[in-house]
Amino acid sequence: MHSLAQRVLRTEQLPFTFCPGCGDGIVVQMTARAIDELGILDRVCTLGGVGCSSWIATYFNVDFMKVPHGRALPAAMGLKLTNPERKVLVFTGDGDCVAIGGNHFIHAAHRNIDLAVIMLNNQIYGMTGGQVAPTTPAGAITVTSPYGKIEPPFDACELARAAGATFISRWTTAHPWQLLNAIKKAIQHPGFAFVEVVSPCPAQSGLYIQGSSDPVQLVEWMQQNYITQEEMDLLSPAEREGRTLVGDFLAAIRPEFAARTHELIDRLKEEK
Amino acid sequence: MPATSINIDANLCKGCKLCLLSCKEGVLTMSSQKGQQGYFIPEVAYPERCTQCLRCEYFCPDMAIEVLS
């Protein structure tokens, strides 16, 4: 058993229930490294909604909440507001976060409440068998888009930015060091921190969309198609087609909701 | 290089081969041994080639491999 797992995880729950080659396990590992390196195990709590990636929340040796589909953010806001000393980490998927949970996502980001939201994006509804998601690419044939998806995919980082998130990064599970760095920064960021993690799904989107269930081929697909600005700059406009930018997009400091709420409460108590 | 000690946890490994993909030195190969979950698992074939870059650890989705020395 990995020594890091023994320090930070609920080892009796291992092995991870994820499919072979699933990106969810990489996020468990990098979050475990972040918690270990920051020394915050006693201050962290996690939340998961519904979906494969929401189970990431249950592997850490911390208190966690497992809540209905799409509702991790309201619960997270409750945990943060009742005790701002907590480091609140939300693990969600593209369906849980921007489909069913979309409205909660907009408003939590808008409040700039101090949460770290790590959204795994496998571009499909994985746990339920491979239905089309807002993040599914146009033209993709899935269980519920048998003639090809009509509309283009949703960019969750763009939504986060428009709503008011103050820390935004996108990486893939094929960029583990950059991902670890982004998770550490997101946890420490005093505001709404959003990390999108593009993640392979051998069972569903790998099979239906990328055309392979082979974990190795899916990692290579991500390395080819999810590239940094420096790599994009080396390509022609034609070569950029179909490729997605990854990187650390935003880190800004703006008034944070939990702190301001408690300042207001303290002020009102004093005035009484 | 002196041989690096690398531990592969046969109970956790799902035989996805991402460690083999990520290793730049050819330290690992697939073995004919099956782990507890029934997957063929890798073995450390050339530990003296290991540069302790930790790619195998960082790419493993199951935290099944650890570079010890």
(message) On a heavy-atom basis, which atom in A:W177 and which in B:C53 lie closest, and how many Å separate them?
(response) CZ2-O, 3.7 Å

(message) Is A:T17 close to chain B through its backbone or its side chain, or both, or neither, when contacts mean heavy atoms under 4.5 Å?
(response) backbone

(request) Measure B:Q36 against the heavy atoms of chain A and call it side chain, backbone, both or neither at under 4.5 Å. (result) neither

(message) Tell me whether B:K14 contacts the main-chain N or O of A:P15 through its side chain, where contact means a donor paired with an acceptor under 3.5 Å.
(response) no

(request) Would you confirm whether A:Q29, through its side chain, and B:C60, through its main-chain N or O, come within 3.5 Å as a donor-acceptor pair? (result) yes

(request) Please state whether the side chain, the backbone, both or neither of A:L9 comes within less than 4.5 Å of a heavy atom of chain B. (result) side chain

(request) Could you check which of A:C22, A:S3, A:G23 has the highest count of heavy-atom pairs closer than 4.5 Å to chain B? (result) A:S3

(request) Specify the closest pair of heavy atoms between B:M63 and A:A5, including all atoms of both residues, with the distance to one decimal. (result) CE-N, 3.9 Å

(request) Could you tell me which portion of B:D62 (side chain, backbone, both or neither) has an atom closer than 4.5 angstrom to a non-hydrogen atom of chain A? (result) both

(message) Taking side chain as everything from C-beta outward and backbone as N, CA, C, O, which of these in B:L20 sits under 4.5 Å from a heavy atom of chain A? Side chain, backbone, both or neither.
(response) neither

(request) Side chain from CB out, backbone as N, CA, C, O: work out which of these in B:L12 comes under 4.5 Å of a heavy atom of chain A, or both, or neither. (result) both

(request) Residue by residue, scan residues 218-233 of chain A and write down, ordered by number, those that have a heavy-atom distance under 4.5 Å to chain B; if none do, write 'none'. (result) A:V219, A:E220, A:Q223

(request) Can you measure from CD1 (A:I26) to OH (B:Y58) and round to the nearest 0.5 angstrom? (result) 11.0 Å

(message) With rounding to the nearest 0.5 angstrom, report the CG to NE2 distance, B:D9 to A:H2.
(response) 10.0 Å

(message) A quick test of your reading: do over 12 heavy atoms of other residues, nucleotides or ligands sit less than 6.0 Å from CG of B:N11?
(response) yes

(message) Using side-chain heavy atoms (C-beta onward) and a distance below 4.5 Å, is B:P61 in contact with A:F16?
(response) no

(request) Give a yes or no on whether the backbone of A:D214 and the side-chain of B:K17 come within a donor-acceptor separation of less than 3.5 Å. (result) no

(request) Count the heavy-atom pairs under 4.5 Å between each of A:A32, A:P215, A:C19 and chain B, then report the option with the highest count. (result) A:P215

